[in-house]
Amino acid sequence: FSPSDVTVVFVLGGPGAGKGTQCSKLVQEHGFTHLSAGDLLRAEQERPGSQFGELIKSYIKDGLIVPMEVTIQLLENAMTETLQKTGSTKGRFLIDGFPRKMDQAVKFEESVCPAKMILFFDCPEEVMESRLLERGKTSGRSDDNAESIRKRFHTFIETSMPVVDYFEKEGKVVKLDATPTPDQVFVKTQQALKDKLG
Ligand code: UP5
Ligand code: MG
C-alpha cells in the first residue's frame with residue numbers, strides 16, 4: 001500500500017491507561033481499524049510454528065520491548081491484510097501500544113507510514129496499577145500481576161516516554177486525561193481526532 005492512502009494514528013499511554021478501551025469505541029463509531037501491537041504479539045506467540053513464540057512470551061512477562069523487526073512486520077502484515085479484505089487501497093488505522101521505543105518509531109515512519117497524530121492517554125501509576133490488578137483476576141494475561149506490572153511501568157518511563165516527547169516536539173501529540181470514566185474520556189478522544197484529522 002502507499003503511505004499517502006492510509007491514515008495512521010498512534011495510540012499511546014502507560015499500561016492500563018485505557019488505550020484498548022478507547023480504540024474499541026472508535027472502531028464502533030468511526031470506522032477505524034484497530035491494531036493493537038500487544039494483541040498481535042500475543043496472537044503470534046500462540047501461533048503454532050511461530051519462530052518467535054518463546055521470545056515474545058519472555059519479553060511480555062518481563063515487560064520488555066520485543067525486537068522491533070517482529071512487531072513492525074506483524075503490523076505491516078495486518079495493515080495489508082485489512083486493505084485486501086476491504087478491497088480498498090485506503091484505510092484508517094489506530095495503532096495501539098506502538099511505537100514504544102525510539103528505534104521502532106523511526107523505522108516504522110521511514111519504512112511503513114508516518115503517523116498523522118498521536119493520542120496520548122495520561123494516567124497516574126496508582127490508577128493504572130489498580131485497573132491492571134483488577135483485570136488480572138480474569139484476563140489470563142501473563143503480565144497482569146504485581147511483579148510484571150512494576151516492570152512494565154519501568155519500561156514505560158525509561159523507554160516509551162521518550163517516544164511521546166519526540167512526537168510532542170513535532171506537534172503531533174494530543175494529551176488526554178485518562179482518569180474519568182471511559183465514556184467521558186471518549187468524548188474528548190473524539191474531539192481530539194476531529195480537531196486534528198477533520
Ligand atoms: N479501564 C479502561 N479505561 C478505564 C476508565 N476510563 N476507567 C476505569 N477503568 C478503565 O484497560 C485496562 C483496564 O482498565 C481494563 O480492565 C479496562 O476495562 C479498564 P485497557 O483499555 O485494556 O488499557 P490499555 O492501555 O490497552 O492496557 P494494556 O494492558 O493493554 O497496556 P499495555 O501497553 O501494557 O499492553 P500491550 O498489550 O500494549 O503490550 C503488552 C506487552 O507487549 C508490552 O509490555 C511489551 O512487552 C509487548 N509489546 C512490545 O514488545 N512491543 C510493542 O510494540 C507493543 C507491545
Ligand atoms: Mg491494550
Side-chain angles (χ1 to χ4, degrees), residues 8 10-28 34-46 52-78 93-109 112 115 118-164 176-189:
V8 164
F10 291 147
V11 181
L12 302 178
K19 303 181 291 295
T21 302
Q22 294 300 317
C23 285
S24 301
K25 288 175 169 289
L26 286 169
V27 168
Q28 284 162 23
H34 173 205
L35 299 177
S36 156
D39 288 349
L40 289 170
L41 287 166
R42 282 182 286 272
E44 176 65 17
Q45 180 196 309
E46 297 300 328
F52 302 116
E54 285 308 311
L55 174 125
I56 294 171
K57 199 175 191 171
S58 73
Y59 273 74
I60 286 186
K61 191 149 194 300
D62 285 334
L64 296 171
I65 310 302
V66 172
M68 66 171 175
E69 290 73 14
V70 177
T71 315
I72 291 178
Q73 193 61 59
L74 290 171
L75 283 168
E76 200 175 358
N77 290 349
F93 296 95
L94 298 168
I95 304 212
D96 161 5
F98 175 97
R100 51 214 289 163
K101 191 170 175 181
M102 237 6 259
D103 66 349
Q104 295 178 327
V106 171
K107 182 78 182 167
F108 185 92
E109 292 212 303
V112 184
I118 288 82
L119 284 171
F120 176 69
F121 292 103
D122 196 14
C123 197
E125 226 167 70
E126 318 83 78
V127 176
M128 297 193 287
E129 184 185 30
S130 78
R131 287 179 185 175
L132 292 175
L133 288 172
E134 183 58 34
R135 188 181 66 185
K137 292 176 188 167
T138 53
S139 69
R141 267 179 62 163
S142 65
D143 58 350
D144 279 349
N145 57 77
E147 194 190 341
S148 293
I149 291 170
R150 192 172 42 76
K151 292 177 177 171
R152 289 157 73 189
F153 286 163
H154 179 81
T155 302
F156 171 62
I157 299 295
E158 295 295 319
T159 311
S160 306
M161 273 315 287
V163 177
V164 179
L176 298 164
D177 176 8
T179 56
T181 66
D183 285 338
Q184 287 168 329
V185 177
F186 188 54
V187 171
K188 306 272 180 179
T189 302

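Numbering of ligands and ligand atoms starts at 1, following listing order. Since the model is a prediction, treat every value here as computed from it, not as a measurement.
Of all protein heavy atoms, the one lying nearest to atom 21 (O) of ligand 1 is T21 OG1, 2.5 Å. Annotation: atom 24 (P) of ligand 1 to nearest protein heavy atom, K19 N, 3.5 Å. From the protein, the heavy atom lying nearest to atom 27 (O) of ligand 1 is G16 N, 3.0 Å.
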Going through the checks in order, is the side-chain hydrogen bond (donor to acceptor under 3.5 Å, both in side chains) test met by T181 and D183? CA-CA 5 Å; T181 66; D183 285 338; 5.6 Å; no
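Applying the 4.0 Å criterion to heavy atoms of A37 picks out, from ligand 1, the atoms 52 (C), 53 (O), 54 (C). In summary, the atoms of ligand 1 found under 4.0 Å from a heavy atom of G20, numbered by their order in the structure, are 21 (O), 24 (P), 26 (O). Distances below 4.0 Å separate heavy atoms of Y59 from the following atoms of ligand 1: 46 (O). Those atoms of ligand 1 with a heavy atom of F98 less than 4.0 angstrom away are 53 (O).
Below 3.5 Å of separation, one finds an N or O of R131 facing an N or O of ligand 1. Between G18 and ligand 1, a contact under 3.5 Å exists for at least one N or O pair. Backbone and side-chain nitrogen or oxygen atoms of D96 are examined, and none is located within less than 3.5 angstrom of a nitrogen or oxygen of ligand 1. Between R141 and ligand 1, a contact under 3.5 Å exists for at least one N or O pair. Between G13 and ligand 1, no N or O atom pair is found at a separation short of 3.5 Å. Considering backbone and side-chain N/O of R42, one or more are found under 3.5 Å from N/O of ligand 1. No N or O atom of I65 sits closer than 3.5 Å to an N or O atom of ligand 1.
Remark: among candidates T181, I56, L40, L41, the nearest residue to atom 48 (N) of ligand 1 is L41, based on non-hydrogen atoms. The heavy atom nearest to atom 39 (O) of ligand 1, considering only R152, K151, R100, is found in R100. When the heavy atoms of T179, L74, V66, L64 are ranked by distance to atom 45 (C) of ligand 1, first place goes to L64.
The closest approach between any non-hydrogen atom of G14 and ligand 1 is below 4.0 Å. The shortest separation from a heavy atom of Q184 to ligand 1 is not under 4.0 Å, leaving the residue out of contact.
Only the backbone of P180 comes within contact range of ligand 1, with a heavy atom under 4.0 Å; no side-chain atom does. Contact annotation for T71 and ligand 1: only side-chain heavy atoms (C-beta onward) come within less than 4.0 Å of the ligand.
Remark: K151 engages E147 in a salt bridge, criterion side-chain N to carboxylate O under 4.0 Å.
Sparse packing is recorded around NZ of K61, with 12 or fewer heavy atoms of other residues, nucleotides or ligands lying under 6.0 Å away.
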